[in-house]
Engineer: 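Okay, here's the structure, questions in a sec.
Computed from a prediction, not measured in an experiment: that's the story for all the values here.
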Amino acid sequence: MRRTVFNKDHEAFRQTIRDFIAAEVVPYYGEWEQAGYVPREFYQKLGELGIFGIEVPEEYGGAGESGYKFSAVISEECARAGVTFGGSNVHTALCLPYLLKYGTKEQLRRWMPGFVSGEMMTAIAMTEPGTGSDLAGMKTTAKLSQDGTHYVLNGAKTFITGGVQADRVLVCARTAPPTAEDRRGGISILVVDARSEGYEVGRTLDKLGLKSSDTAELSFTDVKVPVEDLLGEEGKGFTYLTHNLPQERLGIVVGAYAQAAAAVRFAQEYVTDRTVFGKSVASFQNTKFVLADCQADVDAMQAVCDRALDAHDAGELTAADAASAKLFTTELAAKVIDRCLQLHGGYGYMREYPIARLYADTRVTRIYGGTSEVMRSIIAKSMGL
């Protein structure tokens, strides 16, 4: 199906990314999965390629591009090759929007050069062991010192992608207790230096999928955070988090669609080459029908994805729109990838085949960025239910 969502610049960029993945990622990806992280020098290569600076204003060393479509191209090309860029997506898709929108000029002058080059990697710490999707229930605290020069941070976070190698972490913490009238108030975002005394990286979590990205537990014991590293206004953190959720979910939509499309391509290549009973697997009617159904589903996901990309660029992607797109694409991608794995037979269960990695990697898309159940609640609320 012909797409109109990308222009010539996007397609030229796509070829650059495809060549880069073939040369710099695919040959080493198995080693990265075994290690549980990508090497730091790889992030610097991404910086040299300009990946981290696409949306950063020129005055801070970036390209100054607006919109999410270049990032979407990266997600599609990673899925096409069955790989990921470790924690780099969190760095650009999650952390950067907060920094650009709420950071002061002084903060951006301090942080952006390292951000763009890959010398300063970032992560965001929202989830806590006992809170999950209920961010208003977070217990990590940041109390202002008596002299007003710094906050004292105490608490713990979990499921922090990029947390092992991050140099700065956007930590969500309570600077004021919740009230009966407003559980969401009193949350602030601090950009914490990972070298600070009392800041500790706990165990690296052993995940089902996304093996090349480091995901960790973090703890803070009387960590001193200068007031100059408060992002935005004190107590406005929950509002900030809500503001960025549509783009965060859009990124998951793009990834889910792209993974499903890649699964169909992998399955088609496999069944064309594989023979059973003296015939190619592709020649059986069941194979043809399964792949035809999968392709039709991918076409539908592409339409939803592209519509969401255009709406985001126009500033019209609502929370309910993003939730609907995420629910549809992630649930359907899981079904498509499962059917494509089945066509691989026993080999589909082997991680040396990219379909197995896709199967494991895509499972989390129905959990992070808000579970499918949360998406249904958002959609229902927008319907007046």
Engineer: What donor-acceptor contacts under 3.5 angstrom involve side-chain atoms of residues 57-65, with partners at least two apart or in another chain?
Structural biologist:
none

Engineer: Which atom pairs, donor and acceptor, lie under 3.5 Å between side-chain atoms of residues 327-336 and protein residues at least two apart or in another chain?
Structural biologist:
from: Thr329; atom 1: OG1; to: Ala325; atom 2: O; distance (Å): 2.7
from: Thr330; atom 1: OG1; to: Lys326; atom 2: O; distance (Å): 2.6
from: Glu331; atom 1: OE2; to: Ser372; atom 2: OG; distance (Å): 2.7

Engineer: Evaluate the side chain to side chain contact (heavy atoms under 4.5 Å, CB included) criterion for residues Arg363 and Leu208: first the C-alpha distance (whole Å), next the side-chain angles of each, then the deciding distance (0.1 Å), finally the verdict.
Structural biologist: CA-CA 9 Å; Arg363 184 60 183 87; Leu208 171 68; 4.3 Å; yes
Engineer: Do other residues, nucleotides or ligands put more than 12 heavy atoms under 6.0 Å from Met350 CE?
Structural biologist: yes
Engineer: Val169, Phe238: one ILVMFWY side-chain cluster at the under-4.5 Å cut-off?
Structural biologist: no
Engineer: List the residues meeting salt bridge (Lys or Arg N to Asp or Glu O under 4.0 Å) with Asp182, not counting sequence neighbours, and say none if there are none.
Structural biologist: none
Engineer: Please walk me through it: do His344 and Tyr349 pass ring-ring contact (aromatic ring centres under 6.0 Å, His included)?
Structural biologist: CA-CA 8 Å; His344 283 71; Tyr349 204 66; over 10 Å; no
Engineer: Got a sec, which pairs hit salt bridge (charged side-chain N to carboxylate O under 4.0 Å, His left out) with one end in residues 17-31, sequence neighbours left out?
Structural biologist: Arg18-Glu77, Glu24-Lys45
Engineer: Okay, side chain of Ser117, backbone of Pro113: is any donor-acceptor separation there less than 3.5 Å?
Structural biologist: yes
Engineer: Verify the cluster assignment for Val227 and Ile187: are they in a single hydrophobic cluster under the rule of side-chain heavy atoms below 4.5 Å apart?
Structural biologist: no
Engineer: Indicate yes or no for a side-chain donor-acceptor contact from Ser196 to the backbone of Val192 under 3.5 Å, with no hydrogens or angles considered.
Structural biologist: no
Engineer: According to side-chain contact (heavy atoms from CB on, under 4.5 Å), who are the partners of Arg195, at least two apart in sequence or on a separate chain?
Structural biologist: Asp193
Engineer: Check salt bridge (Lys or Arg N to Asp or Glu O under 4.0 Å) between Glu11 and all other residues, then give those that pass, not counting sequence neighbours.
Structural biologist: Arg14
Engineer: Restricting to side-chain contact (heavy atoms from CB on, under 4.5 Å), what partner residues turn up for Thr149, sequence neighbours left out?
Structural biologist: Ser145, Asp147
Engineer: Counting distance only, does the side-chain N/O of Arg174 pair as donor-acceptor with the main-chain N or O of Ala176 below 3.5 Å?
Structural biologist: yes
Engineer: Is it true that Val38 and Tyr28 fall in one hydrophobic cluster, defined by side-chain heavy atoms closer than 4.5 Å?
Structural biologist: yes
Engineer: Sub-3.5 Å donor-acceptor pair from the side chain of Glu55 to the main-chain atoms of Tyr68, do we have one?
Structural biologist: no
Engineer: What distance separates Phe115 CZ from Cys95 SG, expressed to the nearest 0.5 Å?
Structural biologist: 6.5 Å
Engineer: Measure the spacing between CG of Leu100 and OG of Ser66 and express it to the nearest 0.5 Å.
Structural biologist: 12.0 Å
Engineer: Looking at every non-hydrogen atom in both residues, tell me the closest pair between Phe52 and Leu96 and how far apart they are.
Structural biologist: O-CD2, 4.4 Å
Engineer: Testing the basics here: between Thr140 and Gly155, what is the closest heavy-atom pair and its distance to 0.1 Å?
Structural biologist: OG1-CA, 3.7 Å
Engineer: Could you walk me through whether Arg3 and Glu76 pass the salt bridge (charged side-chain N to carboxylate O under 4.0 Å, His left out) check?
Structural biologist: CA-CA 13 Å; Arg3 304 179 77 183; Glu76 291 186 357; 3.0 Å; yes
Engineer: Using a 3.5 Å distance criterion without hydrogens, assess whether the side chain of Ser188 forms a donor-acceptor pair with backbone atoms of Gly235.
Structural biologist: yes
Engineer: Honestly curious: do Ile252 and Phe159 fall in one hydrophobic cluster under the side-chain, below-4.5 Å linking rule?
Structural biologist: no
Engineer: Could you work out, with side-chain hydrogen bond (donor to acceptor under 3.5 Å, both in side chains) as the rule, every residue matching Glu233, not counting sequence neighbours?
Structural biologist: Lys236
Engineer: Please assess Lys143 against Asp222 for the test salt bridge (charged side-chain N to carboxylate O under 4.0 Å, His left out), listing each intermediate value before the final yes or no.
Structural biologist: CA-CA 10 Å; Lys143 297 182 179 180; Asp222 294 332; over 6 Å; no
Engineer: A quick test of your reading: do over 12 heavy atoms of other residues, nucleotides or ligands sit less than 6.0 Å from CZ of Phe13?
Structural biologist: yes
Engineer: Does this structure show an ion pair linking Arg339 with Asp297, if we count only N-O contacts that are shorter than 4.0 Å?
Structural biologist: yes
Engineer: Which atom pair, heavy atoms only, marks the closest approach of Ala263 to Ile337?
Structural biologist: CB-CG1, 3.7 Å
Engineer: Mind checking whether Phe6 and His10 have parallel, tilted or perpendicular rings, split at 30° and 60°?
Structural biologist: perpendicular
Engineer: Using ring centroids (six-membered ring only for Trp), state whether Tyr98 and His243 fall under 6.0 Å.
Structural biologist: no
Engineer: Counting neighbours of CG on Asp206 that are heavy atoms of other residues, nucleotides or ligands and sit closer than 6.0 Å, is the number greater than 12?
Structural biologist: no
Engineer: Any side-chain heavy atom of Lys157 sitting closer than 4.5 Å to one from Met138?
Structural biologist: yes
Engineer: Go through Arg274 and Val271 one step at a time and tell me if the side chain to side chain contact (heavy atoms under 4.5 Å, CB included) criterion holds.
Structural biologist: CA-CA 5 Å; Arg274 175 74 167 161; Val271 298; 5.7 Å; no
Engineer: Could you tell me which non-hydrogen atom of Tyr199 sits nearest to which non-hydrogen atom of Ala194, and how far apart they are?
Structural biologist: CD2-O, 3.3 Å
Engineer: Search all heavy atoms of Ala356 against all heavy atoms of Gly348 and return the closest pair with its distance.
Structural biologist: CB-O, 3.3 Å
Engineer: Which residues pass the side-chain contact (heavy atoms from CB on, under 4.5 Å) test with Asp229, not counting sequence neighbours?
Structural biologist: Arg110, Trp111, Arg168, Val225, Pro226
Engineer: Which residue pairs satisfy the side chain to side chain donor-acceptor pair (under 3.5 Å) criterion with at least one member in residues 276-295, sequence neighbours excluded?
Structural biologist: Gln295-Asp299
Engineer: If the plane angle is over 60° it's perpendicular, under 30° parallel, otherwise tilted; pick one for Tyr270 and Tyr353.
Structural biologist: perpendicular
Engineer: Do NZ/NE/NH1/NH2 and the carboxylate oxygens of Asp167 and Arg40 come within less than 4.0 Å?
Structural biologist: yes
Engineer: Using side-chain contact (heavy atoms from CB on, under 4.5 Å) as the criterion, list what pairs up with Glu200, not counting sequence neighbours.
Structural biologist: Ser219
Engineer: Between Tyr102 and Tyr240, is the ring centroid distance below 6.0 Å?
Structural biologist: yes
Engineer: If only side-chain N and O atoms count, and only distance matters, is there a donor-acceptor pair under 3.5 Å linking Tyr151 with Glu234?
Structural biologist: yes
Engineer: Is Val90 linked to Val253 within one hydrophobic cluster, defined over Ile, Leu, Val, Met, Phe, Trp and Tyr using a side-chain heavy-atom separation of less than 4.5 Å?
Structural biologist: no
Engineer: So does Lys224 have more than 12 non-hydrogen atoms from other groups sitting under 6.0 Å from NZ?
Structural biologist: no
Engineer: Between side-chain atoms of residues 79-88 and protein atoms elsewhere (two or more places apart, or another chain), which donor-acceptor pairs fall under 3.5 Å?
Structural biologist:
from: Thr84; atom 1: OG1; to: Tyr29; atom 2: OH; distance (Å): 3.1
from: Thr84; atom 1: OG1; to: Ser212; atom 2: OG; distance (Å): 2.8
from: Ser88; atom 1: OG; to: Phe85; atom 2: O; distance (Å): 3.0

Engineer: Just wondering, are more than 12 heavy atoms of other shown residues or ligands nearer than 6.0 Å to CD in Gln44?
Structural biologist: yes
Engineer: Quick one: does any side-chain atom of Lys207 pair with a main-chain N or O of Asp214 as donor and acceptor, under 3.5 Å?
Structural biologist: no
Engineer: Is the shortest side-chain N to carboxylate O distance from Arg249 to Asp321 below 4.0 Å?
Structural biologist: no
Engineer: Evaluate side chain to side chain contact (heavy atoms under 4.5 Å, CB included) for Lys69 paired with Val73, printing each intermediate quantity in order.
Structural biologist: CA-CA 6 Å; Lys69 291 181 179 179; Val73 168; 5.8 Å; no
Engineer: Grab the two heavy atoms, one from Thr161 and one from Ala123, that are nearest each other, plus how far apart they are.
Structural biologist: O-CB, 3.5 Å
